[in-house]
Visitor: 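What follows is a single structure, and I will ask about it in a moment.
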Amino acid sequence: MSIDKSWFDQMEQRIPHGEVRTRFAPSPTGYMHVGNLRTALYTWLIARHAGGKFLLRIEDTDQGRLVEDAVEVIYATMRRCGLTWDEGPDVGGPVGPYIQTERRDLYGKYAQLLIEKGHAYRCFCTGERLEQLRSSDPNAKYDRHCLSLTPEEVQSKLDAGEPYVIRQRIPEGSTTFQDAVYGEITVDNADLDDQILIKSDGLPTYNFANVIDDHLMGITHVVRGAEYLSSAPKYNLLYQAFGWDIPTYVHCSSVMFNDPATGAVRKMSKRYGDPSYQDLVSQGYLSQAVVNYVALLGWAPHGDISEQEFFTMEELVKAFEISGISKSPSAFDMDKLNYFNATYLRALPPEEFAREAETWIRRAVKNPAYDAAAIAGLLQARCERLSDIPEKVDFFDALPQYDVELFTNKKSKTNAEVSLNMLKAALPALEALPDWTQDAIHAALAGLAEQLGVKNATLMWPVRIAAAGKAVTPGGAVEICRILGRDETLRRLRQGMDKLS
RNA sequence: GGCCCGGUGGUCAAGCGGCUAAGACACCGCCCUUUCACGGCGGUAACACGGGUUCGAUUCCCGUCCGGGUCACCA
């Protein structure tokens, strides 16, 4: 039942050589997590930095965990983050298909080849037997029960239609491999399990499919999370068993999450409600801010740009070196992400910020008389996340119930009595203004303060409080009055006076 | 628990045998100011511990401690 050698030769001939090729290989089991995003980014950067190719491969061999639309989410995330791919399920390429279930026949052939070479064997053990094995010793590896089956016994079980898996036969000795981040690592083969390569449903495990596909797709740099570091020796042994070139391994340390509630530190994960990329975007974070922040989480530039923190994608591509990837896990810091996001928000051209902010503003400000673009202008330097917006501007639509105490402010030298006088003076001045513009209102109020012999703040404070009903507002008295319009401003000032008298 | 990998301020981090040990976030103070922000200026704060190697260790080696990962017919 040997397979025609020419088929293998054909597969080998398709493999591109002479360029850096990396791949991001997510499984469509859920949404994109921050750690995943970072791995995808680094993988992409390694390819782009070297002028090589970046491919997307979907690893959907786990039938039980498939999630509807997950592939679409992956595509959308990659696109929004600017992670373009040269080959993949949707765009094709020379070494396709790029979805593992569409490659299912090929894994069996390679497994068969491995059996013939003596590096793998069929195992008919039942799940119950394996469980029993483990219950007596939780650390127990597979006891190689089926390794001793004679060819005749195997054949008769096959003829009887008994289900089986194919296991890797780990040789004696030790295995050493190189990792571009962690350096040389050696493990005793006795610590390695005869892992399953082909499951009883005929599909390959991740561990096997990964090696086959990476080789067949000409992947030169295998970039993945450090959680795979422990299984790397088994991959290495597989490459060796086939006689294939071993790719450069690039294991990236985990992204940890410092839970502010419990103080615990752990790997970021959905099950604890840690934010995914989608969550961040829906909370009002900009893609580029997230990408920029994440790039620096576990990587730092070398040389004269070691202090640079803000990078365009082009700059990242230019600066990214594998040697800058750090070994130790790093904690995702919301405060710092906020800072990046705030900086990106402020750097936006005002029109663009207004466009991004408008839907958020309109969640709180329904009255079309209030100019969203003008409000956006007040907000741009004052929010870290777009989602901060609604609560900041809710006072436009409805003056909040507020306490007269708000009129008292030490720094502005105001109290209830002073405030009442200020409002009394401001009212006619504003009423008489020919133009209701920023400059006109400011000039009128500033002039009035001078005339009254008080500092600007003494007049501005009560006006702002009466207009907004809040101690803290985006923008000062002038800006708020201008947006409210004359009628509403005067109405609110009178209301304030009533409160004070 | 076995195996693997880490350990510079609260966090991200530069450093790669000789430095007063960068920078950023956060925090604190001051200035600016029409509140709050933005912006500007300044400040508090670190080489986990113990042995070596060396003229000299944050940097190299060993141990301890601490942290993380992994031990599936999941990826």
Side-chain angles (χ1 to χ4, degrees), chain A residues 25-29 59-62 64-65 123 125 127 130-131 134 138-141 163-167 179 181-183 185-188 190-193 195-201 203-207 209-210 224-233 251 253-254 256 258 265-267 293 296-303 306-310 324 326-340 342 346 378-384 392 406 409 411-412 442 445-446 449 455-461 463-465 468 470-480:
Chain A
S27 42
T29 55
E59 309 217 332
D60 57 347
T61 57
D62 184 353
R65 294 209 306 175
C123 167
C125 291
L130 297 177
E131 233 166 87
R134 256 177 255 127
N139 297 324
K141 302 194 296 294
Y164 65 92
V165 301
I166 299 178
R167 288 181 182 273
D179 182 87
V181 174
Y182 289 94
I185 296 173
T186 300
V187 297
D188 189 339
D191 294 324
L192 270 24
D193 199 5
Q195 66 172 341
I196 291 171
L197 268 19
I198 301 287
K199 297 179 275 190
S200 57
D201 65 1
L203 283 168
T205 56
Y206 165 88
N207 296 308
N210 220 254
R224 56 159 81 107
E227 61 268 29
Y228 297 106
L229 204 53
S230 317
S231 36
H251 286 96
S253 62
S254 318
M256 311 302 288
N258 219 322
V265 178
R266 6 145 284 243
K267 198 172 140 191
Y293 170 63
L296 264 357
L297 240 200
W299 172 81
H302 283 317
S306 72
E307 285 189 13
Q308 185 176 340
E309 285 201 304
F310 289 91
S326 87
K327 293 195 254 275
S328 47
S330 41
F332 185 85
D333 182 3
M334 269 298 177
D335 283 336
K336 187 121 191 193
L337 206 219
N338 285 340
Y339 162 75
F340 269 88
R346 278 177 230 130
L378 301 182
L379 256 9
Q380 190 161 10
R382 277 177 253 255
C383 56
E384 298 190 311
K392 288 185 190 293
L406 279 189
N409 179 264
K411 210 177 130 202
S412 303
H442 185 269
L445 257 17
K455 54 191 281 191
N456 282 351
T458 309
L459 176 62
M460 298 288 193
W461 179 275
V463 171
R464 190 179 60 84
I465 295 301
K470 284 181 124 176
V472 174
T473 53
V478 178
E479 290 85 353
I480 291 169

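Numbered from 1 within each chain, the chains take letters A, B, ... in sequence-line order. In this text the structure is predicted, and so the values were computed from the model without any measurement.
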Visitor: Specify the closest pair of heavy atoms between A/His251 and A/Gly225, including all atoms of both residues, with the distance to one decimal.
Guide: CD2-O, 3.5 Å
Visitor: Does B/G15 have its OP1 or OP2 closer than 4.0 Å to a side-chain nitrogen or oxygen of A/His302?
Guide: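 So the side chain of A/His302 is within the cut-off, an N or O lying under 4.0 Å from OP1 or OP2 of B/G15.
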Visitor: With a 4.5 Å limit on heavy-atom distance, are the side chains of A/Ser330 and A/Trp299 in contact?
Guide: no
Visitor: So, for A/Ala471 and A/Leu406, which heavy atoms are closest and what is the spacing to 0.1 Å?
Guide: CB-CD2, 3.8 Å
Visitor: Which listed nucleotide (B/A75, B/C4, B/C36) is nearest to the side chain of A/Leu229?
Guide: B/C4
Visitor: Please tell me if the side chains of A/Leu296 and A/Phe340 come closer than 4.5 Å, counting only heavy atoms from C-beta onward.
Guide: yes
Visitor: Using a heavy-atom cut-off of under 4.0 Å over every strand shown, decide if A/Gly298 touches base, sugar-phosphate, or nothing.
Guide: sugar-phosphate
Visitor: Tell me: CG of A/Asp188 to C1' of B/U70, nearest whole Å?
Guide: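 That distance rounds to 16 Å.
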Visitor: Does A/Ser328 reach a base, just sugar-phosphate, or nothing at all? Heavy atoms under 4.0 Å.
Guide: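 If one applies the 4.0 Å heavy-atom cut-off, A/Ser328 turns out to touch the sugar-phosphate alone, with no base involved.
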Visitor: Do A/Ser230 and B/C4 share a donor-acceptor pair, side chain to base, under 3.5 Å?
Guide: no
Visitor: Between B/G9 and B/A45, how far apart are the two P atoms, rounded to whole Å?
Guide: 14 Å
Visitor: Using the P atom in both, what is the distance from B/A14 to B/U35, to the nearest Å?
Guide: 41 Å
Visitor: Looking for any heavy atom pair under 4.0 Å, which part of the strands does A/Gln380 touch: base, sugar-phosphate only, or nothing?
Guide: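 Nothing, no nucleic acid heavy atom in range.
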Visitor: Below 3.5 Å, does any donor atom in the side chain of A/Arg382 face an acceptor in the base of B/C36, or the other way round?
Guide: yes
Visitor: Which whole number of Å gives the distance between the C1' atom of B/U20 and that of B/C4?
Guide: 40 Å
Visitor: Mapping A/Leu297 and A/Pro26 onto RNA chain B by nearest heavy atom, which one lands closer to the 5' end?
Guide: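 Here A/Leu297 is the residue nearer the 5' end.
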Visitor: With rounding to whole Å, what would you report as the distance between B/C19 and B/C62 at their P atoms?
Guide: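 Comparing P positions in B/C19 and B/C62 gives a spacing of 25 Å.
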Visitor: What is the separation between atom CG on A/Asp60 and atom P on B/C73, rounded to the nearest whole Å?
Guide: 20 Å
Visitor: Just name whichever nucleotide pairs with B/U33, Watson-Crick or G-U, keeping both distances under 3.5 Å, else none.
Guide: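 Its partner: none found.
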Visitor: What is the distance from CG of A/Asp193 to P of B/C74, rounded to the nearest Å?
Guide: 14 Å
Visitor: Measure from the side-chain heavy atoms of A/Val472 and tell me the nearest of B/C36, B/A75, B/G68.
Guide: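 Of B/C36, B/A75, B/G68, B/C36 is nearest to the side chain of A/Val472.
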Visitor: For A/Lys327 and B/C12, give me the distance from atom NZ to atom P, rounded to whole Å.
Guide: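 Nearest whole value for this atom pair: 17 Å.
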Visitor: Which pair of heavy atoms, one from A/Ser200 and one from A/Val165, lies closest together, and at what distance?
Guide: N-CG1, 3.6 Å
Visitor: Does a nitrogen or oxygen in the side chain of A/Lys455 sit under 4.0 Å from OP1 or OP2 of B/U33?
Guide: no
Visitor: Could you tell me whether A/Lys470 contacts a base, only the sugar-phosphate backbone, or nothing, with contacts defined as non-hydrogen atoms closer than 4.0 Å?
Guide: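 Since no nucleic acid heavy atom lies under 4.0 Å of A/Lys470, the category is nothing.
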Visitor: Where does the angle between the aromatic ring planes of A/Phe332 and A/Tyr293 fall among parallel (under 30°), tilted (30 to 60°) and perpendicular (over 60°)?
Guide: perpendicular
Visitor: Using atom NE2 of A/His251 as one end and atom C1' of B/U70 as the other, report the distance to the nearest whole Å.
Guide: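 Computing the A/His251:NE2 to B/U70:C1' distance gives 12 Å.
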Visitor: Checking all strands, does A/Ala300 fall into the base, sugar-phosphate, or nothing category for heavy-atom contacts under 4.0 angstrom?
Guide: sugar-phosphate
Visitor: Which whole-number value in Å describes the distance from A/Leu445 CG to B/U34 P?
Guide: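 One finds 11 Å between P of B/U34 and CG of A/Leu445, rounded.
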Visitor: Can you check the distance between B/A57 and B/G51, where both ends of the measurement are the C1' atom (answer in whole Å)?
Guide: 13 Å
Visitor: Give a yes/no on whether any side-chain N or O of A/Ser326 is located under 4.0 angstrom from OP1 or OP2 of B/A13.
Guide: yes
Visitor: For A/Val187, answer base if it contacts any base atom (sugar-phosphate contacts may also be present), sugar-phosphate if it contacts only those atoms, and nothing otherwise; contact means non-hydrogen atoms under 4.0 Å.
Guide: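 Sugar-phosphate contact only - A/Val187 comes under 4.0 Å of backbone atoms but never of a base.
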Visitor: Report yes if at least one side-chain N or O of A/Lys199 is closer than 4.0 Å to OP1 or OP2 of B/A75; otherwise report no.
Guide: yes
Visitor: Counting heavy atoms from C-beta on, name the nucleotide in B/U35, B/G68, B/G2 closest to the side chain of A/Trp461.
Guide: B/U35
Visitor: Expressed in whole Å, how much space separates the C1' atoms belonging to B/C60 and B/U53?
Guide: 8 Å
Visitor: What nucleotide, of B/G6, B/A75, B/C36, holds the atom closest to the side chain of A/Ser27?
Guide: B/A75
Visitor: Quick one: is A/Ser330 getting a side-chain N or O under 4.0 Å of the B/A13 phosphate, OP1 or OP2?
Guide: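 Yes, A/Ser330 has a side-chain N/O under 4.0 Å of OP1/OP2 on B/A13.
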Visitor: Using a 4.0 Å heavy-atom cut-off, does A/Ser231 contact any base of the nucleic acid, only the sugar-phosphate backbone, or nothing at all?
Guide: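 No contact.
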Visitor: Could you tell me how far B/C30 sits from B/G15 if I compare only their C1' atoms? Round to whole Å.
Guide: 32 Å
Visitor: At their closest point, which heavy atom of A/Ser326 faces which heavy atom of A/Val181, and how far apart are they?
Guide: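 The answer is O-CG1, 4.2 Å.
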Visitor: List the atom of A/Leu459, the atom of A/Ala449, and the distance in Å for their closest heavy-atom pair.
Guide: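 Shortest heavy-atom separation between A/Leu459 and A/Ala449 comes out as CD2-N, 3.9 Å.
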Visitor: Is there a side-chain polar atom (N or O) of A/Arg346 under 4.0 Å from OP1 or OP2 of B/G39?
Guide: yes
Visitor: Look at all strands and tell whether A/Ala331 reaches a base, only sugar-phosphate, or nothing, counting heavy atoms closer than 4.0 Å.
Guide: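 The residue A/Ala331 makes sugar-phosphate contact but no base contact.
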Visitor: Nearest of B/C38, B/U34, B/A75 to any side-chain atom of A/Ala381?
Guide: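 Within the option list, the nearest is B/C38.
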Visitor: Reckon A/Ser412 touches a base, only the sugar-phosphate, or nothing at all at heavy-atom distances under 4.0 Å?
Guide: nothing
Visitor: Mind checking what makes side-chain contact (heavy atoms from CB on, under 4.5 Å) contact with A/Ala342, not counting sequence neighbours?
Guide: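 Residues passing side-chain contact (heavy atoms from CB on, under 4.5 Å) with A/Ala342: A/Arg346, A/Glu384.
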Visitor: Base, sugar-phosphate alone, or nothing: which one does A/Tyr293 contact when heavy atoms must sit under 4.0 Å apart?
Guide: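 Contact class for A/Tyr293: none.
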Visitor: In whole Å, measure the gap between the C1' atoms of B/C27 and B/G50 for me.
Guide: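 That atom pair is separated by 34 Å.
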Visitor: Report, as a single string ordered 5' to 3', how protein heavy atoms within less than 4.0 Å touch nucleotides 18-30 of chain B: B base, S sugar-phosphate only, - not at all.
Guide: ----BSBSS----
Visitor: Searching all strands shown, indicate the nucleotide that pairs with B/A75 (Watson-Crick or G-U wobble; both distances under 3.5 Å).
Guide: none
Visitor: Between the base of B/U35 and the side chain of A/Arg464, is there a donor-acceptor distance below 3.5 Å?
Guide: yes
